[in-house]
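In what follows, a structure is listed as structure tokens, so that the remarks can point back to it.
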Amino acid sequence: KVGPPRFFCCVLPRTPGAMADDAAGGGAAEGAEGEGPLDLQALLDEVVERNRHVSGMLLVQRDGGEAEEDLAALASGIAPLPDAAAAAALNHSFDEGGPQGSEGLELGGRRMAIAERREVGEFYVVVLSEGRHAPAGRSPIAGAGEALDFSAADFLGEASVGGPAEGQTIAIAPGAFLCPTRKWVLAVAHDAGMDTSFTVQVCTSIAEYLASEGE
């Protein structure tokens, strides 16, 4: 059972217009009931606009997912949209035999490498970073009970820059987090200088919301 959202950087109402601004500390507006199908494009636009640690979001159809027909990719702040090969690479990034090392994959016109794969709660998350690799000697999959820790020197730097938490995890390169839902692969991107502890919270929260809505 999907419970209420756990993170203040975004809330997950029925309508995207009630998404909270992370910089303001969040505040859930009331969503209307029974307003028809979820407007996914509006949801992406609203989340990107109101979360200062998110540079863009993308939805591509999940291979083997629950969609009964082909779904067109949707994006906000990420361009160009992935072609068929790039969409396939995003899907295969969850597999141990997926794109690795210098092979990487394309996201928003940038060549991304898989820095890590790990479980965050009930979600399997792929961590992407522009032109960077997973730290040598680290297991690509962490246990579901482990706390999120992206402090590897070749991926993220630690810096206290003010805001809601001390010791925020600040990206030293552009990157993204990928989460699967029922029908989609969700990508939430960040730029260098953004706090990825919020970026990954947005990714898992929105993935949880989409799954609860049958998406």
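When reading the values below, keep in mind they use all heavy atoms of this one structure, side chains included, and skip hydrogens, waters and symmetry mates.
- Annotation: side chain of Thr169 is in contact with side chain of Asp195 (closest heavy-atom distance under 4.5 Å).
- In this structure Ala207 satisfies the side chain to side chain contact (heavy atoms under 4.5 Å, CB included) test together with Phe123, Cys179, Thr181, Leu186, sequence neighbours excluded.
- Here the side chains of Leu128 and Leu105 are in contact, with some heavy-atom distance below 4.5 Å.
- In this structure the side chain of Leu81 reaches within 4.5 angstrom of the side chain of Leu58, judged on heavy atoms.
- Between the NE2 atom of His53 and the CD1 atom of Ile170 there is a distance of 6.5 Å, given to the nearest 0.5 Å.
- Both Tyr124 and Val185 are members of a single hydrophobic cluster when ILVMFWY side chains are connected at heavy-atom separations under 4.5 Å.
- With sequence neighbours excluded, the residues that form a side-chain hydrogen bond (donor to acceptor under 3.5 Å, both in side chains) with Asp45 are Gln41, Ser76.
- Considering only residues two or more places apart in sequence or on other chains, Glu106 meets the salt bridge (charged side-chain N to carboxylate O under 4.0 Å, His left out) condition with Arg111.
- Of the inter-residue distances, the one linking Met57 atom CE with Leu59 atom CG reads 6.5 Å to the nearest 0.5 angstrom.
- Nearest heavy atom pair, residue Val126 against residue Ser93, reads CG2-O, 3.6 Å.
- Scored by the salt bridge (charged side-chain N to carboxylate O under 4.0 Å, His left out) test, Arg110 finds Glu130, Asp191 as partners (sequence neighbours excluded).
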Practice task
Kindly determine whether Leu210 and Leu38 satisfy side chain to side chain contact (heavy atoms under 4.5 Å, CB included), including the steps that lead there.
Solution key: CA-CA 9 Å; Leu210 290 175; Leu38 182 63; 4.0 Å; yes
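- Between the CE atom of Met112 and the CG atom of Leu90 there is a distance of 10.0 Å, given to the nearest 0.5 Å.
- We find the CD-CG distance between Glu215 and Leu43 to be 10.0 Å, quoted to the nearest 0.5 Å.
- Ala67 meets the side chain to side chain contact (heavy atoms under 4.5 Å, CB included) test with Gln61, Leu71, Lys183; sequence neighbours excluded.
- Distance check, rounded to the nearest 0.5 Å: CZ of Phe177 to OG1 of Thr199 gives 6.0 Å.
- Cluster membership for Val202 and Leu40, using ILVMFWY side-chain heavy atoms within less than 4.5 angstrom, is shared.
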Problem - Audit row: Thr204, Val125, side chain to side chain contact (heavy atoms under 4.5 Å, CB included) steps and yes/no - result: CA-CA 8 Å; Thr204 55; Val125 177; 4.1 Å; yes
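- At least one donor-acceptor pair closer than 3.5 Å links the side chain of Ser55 to the backbone N or O of Ala189.
- Residue Val48 is grouped with residue Ile206 when hydrophobic side chains (ILVMFWY) are merged at heavy-atom distances under 4.5 angstrom, including chains of intermediate members.
- With hydrophobic clusters built from ILVMFWY side chains whose heavy atoms lie under 4.5 angstrom apart, Tyr209 shares a cluster with Val54.
- For residues 65-91, the set of pairs meeting the salt bridge (charged side-chain N to carboxylate O under 4.0 Å, His left out) definition, not counting sequence neighbours, comprises Glu66-Arg182.
- No side-chain heavy atom of Leu107 sits less than 4.5 Å from a side-chain heavy atom of Pro82.
- A 4.5 Å side-chain heavy-atom check between Pro174 and His190 finds every atom pair outside the cut-off.
- Interatomic distance, CH2 of Trp184 versus CZ of Arg62, reported as 13.0 Å (0.5 Å rounding).
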